[in-house]
Amino acid sequence: MNDSPENPLSPDLAEASGTTEKTLEPQPIVAKAGSYFRNARFLLGGLLVLFGGWCYYDGYVAWPARNVQIASLESRRTELQNTSPVDDQAVGMISAELQKIGDKKSDLSIRINQYLTVALPLFGAALVAWAMYKSRGQIRLENDVIHSPASPPVPLSAITDVDTALWDRKGIARINYKLADGTTGILVLDDFVYEQKPIDAMYDHVLSKLGKL
């Protein structure tokens with residue numbers, strides 16, 4: 001609720017005039033890591049690791065073995081073609097087998113898969129680690145002080161401005177603050193990285209305290 005005097009309008013008139021205030025949640029308000037934010041990145045990280053395993057199989061096992069098989073069949077076909085009389089049936093069978101197998105894989109294609117064997121799992125692990133760090137701990141509003149893992153405790157009285165430009169579109173609010181010791185910084189409320197409902201409740205409470213709700 002705002003610190004300003006109570007709205008003198010009756011409830012019906014207040015509603016009709018659009019001046020009704022939101023009911024703010026009691027403190028403490030605690031926002032843990034957003035489930036979708038983490039799970040989506042854990043899933044993507046796992047898929048990158050699996051794809052890295054697939055690249056390992058292609059780059060180190062399947063494709064080199066395929067090229068060896070093709071080279072062996074081509075050598076055998078050439079040998080048969082240079083033998084008199086030519087065994088056309090055997091040559092035809094080898095040609096059919098080569099057609100079934102397909103073309104050789106280039107050395108470049110094999111090397112790329114070998115590089116991806118290392119790169120993709122590393123990227124997947126880095127993505128998971130980043131997601132866990134980005135959504136680490138919890139954001140808590142208690143006794144009109146915001147506690148966040150990314151900043152020191154910020155009393156609401158220390159807030160100098162709230163940048164709401166991204167709130168309606170992305171659910172991100174940047175809270176500028178200046179502490180009693182002169183420390184300045186920006187505390188970010190993001191209702192995608194952390195649980196939406198409690199973050200939205202904190203946002204409403206902050207704006208209410210600043211008389212902007």
Side-chain angles (χ1 to χ4, degrees), residues 1-49 123-213:
M1 298 294 289
N2 293 340
D3 289 335
S4 56
E6 184 177 354
N7 192 330
L9 297 177
S10 68
D12 292 340
L13 291 176
E15 183 176 358
S17 63
T19 59
T20 53
E21 298 178 347
K22 293 184 179 180
T23 300
L24 301 179
E25 291 189 11
Q27 299 181 38
I29 304 172
V30 179
K32 300 178 181 179
S35 297
Y36 180 80
F37 174 81
R38 278 196 169 186
N39 292 340
R41 281 146 189 80
F42 291 171
L43 177 60
L44 180 57
L47 289 175
L48 288 172
V49 172
F123 185 73
L127 178 63
V128 170
W130 172 83
M132 293 184 67
Y133 177 79
K134 181 74 173 178
S135 59
R136 66 194 183 279
Q138 61 185 23
I139 298 178
R140 186 175 79 258
L141 173 60
E142 187 172 11
N143 297 325
D144 278 354
V145 178
I146 302 177
H147 302 265
S148 168
S151 67
V154 177
L156 300 190
S157 59
I159 296 175
T160 58
D161 185 43
V162 180
D163 181 356
T164 62
L166 297 176
W167 182 257
D168 290 338
R169 185 161 53 93
K170 292 188 175 181
I172 298 175
R174 301 182 185 278
I175 298 175
N176 297 274
Y177 61 86
K178 183 176 182 180
L179 302 180
D181 62 2
T183 301
T184 60
I186 299 176
L187 186 153
V188 178
L189 296 181
D190 189 327
D191 70 5
F192 179 60
V193 176
Y194 289 89
E195 294 174 316
Q196 181 178 6
K197 184 177 178 180
I199 289 293
D200 291 356
M202 292 182 202
Y203 174 81
D204 288 342
H205 195 93
V206 168
L207 293 191
S208 176
K209 282 293 183 179
L210 296 179
K212 295 183 178 182
L213 186 61

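Residues take their numbers from the sequence shown, with the count starting at 1. Hydrogens, waters and symmetry mates play no part in the numbers below; they use all other heavy atoms, side chains included.
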Which distance, rounded to the nearest 0.5 Å, do you find between the CG of L127 and the CG of L43? 10.5 Å
D168: what forms a side chain to side chain contact (heavy atoms under 4.5 Å, CB included) with it, not counting sequence neighbours? none
Can you tell me how far CD1 of I139 sits from CG of D190, rounded to the nearest 0.5 angstrom? 8.0 Å
Check R169 against L166 and note the closest heavy-atom contact, atom names and distance. NH2-CD2, 3.3 Å
Where is the tightest heavy-atom contact between S135 and A33, given as atom of each residue plus distance? O-CB, 3.4 Å
If you define the side chain from C-beta out and look only at heavy atoms, does anything of I146 sit under 4.5 Å from V206? yes
Measure the CZ-NE2 distance between R140 and H147 for me, rounded to the nearest 0.5 Å. 4.5 Å
Do M132 and V128 touch side chain to side chain, with heavy atoms closer than 4.5 Å? yes
Kindly give the heavy-atom pair with the smallest separation between M202 and I29, and that separation in Å. CE-O, 3.2 Å
Apply side-chain contact (heavy atoms from CB on, under 4.5 Å) to the pair E25 and K197, showing each step before the final yes or no. CA-CA 10 Å; E25 291 189 11; K197 184 177 178 180; 3.4 Å; yes
How long is the straight-line distance from CG of N176 back to OG1 of T184, given to the nearest 0.5 Å? 9.0 Å
Could you tell me which non-hydrogen atom of S151 sits nearest to which non-hydrogen atom of V154, and how far apart they are? OG-CG2, 4.3 Å
So which atom in A150 and which in R136 form the shortest heavy-atom distance, rounded to 0.1 Å? CA-NH2, 3.6 Å
Between N143 and V145 (side chain of the first, backbone of the second, donor and acceptor by atom type, cut-off under 3.5 Å), is there such a pair? no
Has the side chain of Y203 got a donor or acceptor atom that lies under 3.5 Å from a matching backbone atom of P198? no
Are D200 and W167 packed together at the side-chain level, in the sense that at least one heavy-atom pair is separated by less than 4.5 angstrom? yes
CZ/F42: more than 12 non-hydrogen atoms of other groups inside 6.0 Å: yes
Do D144 and Q27 have a side chain donor and acceptor closer than 3.5 Å? yes
Option among L156, T160, L187 that satisfies the side chain to side chain contact (heavy atoms under 4.5 Å, CB included) test with Y177: L187
Within the distance-only criterion (no hydrogens, no angle test), does the side chain of S208 pair as donor or acceptor with the backbone N or O of D204 below 3.5 angstrom? no
Would you say that F192 contacts Y36 through its side chain, given a criterion of any heavy-atom pair below 4.5 Å between the two side chains? yes
Could you tell me the separation between the CG atom of N39 and the CG atom of L44, rounded to the nearest 0.5 Å? 12.5 Å
Within a radius of less than 6.0 Å around CZ of R38, do more than 12 heavy atoms belonging to other residues, nucleotides or ligands occur? yes
Nearest-0.5 Å distance, NE2 of residue H205 to CG of residue L210: 10.0 Å
Minimum heavy-atom separation for P153 to L179, with atom names? O-CD2, 3.7 Å
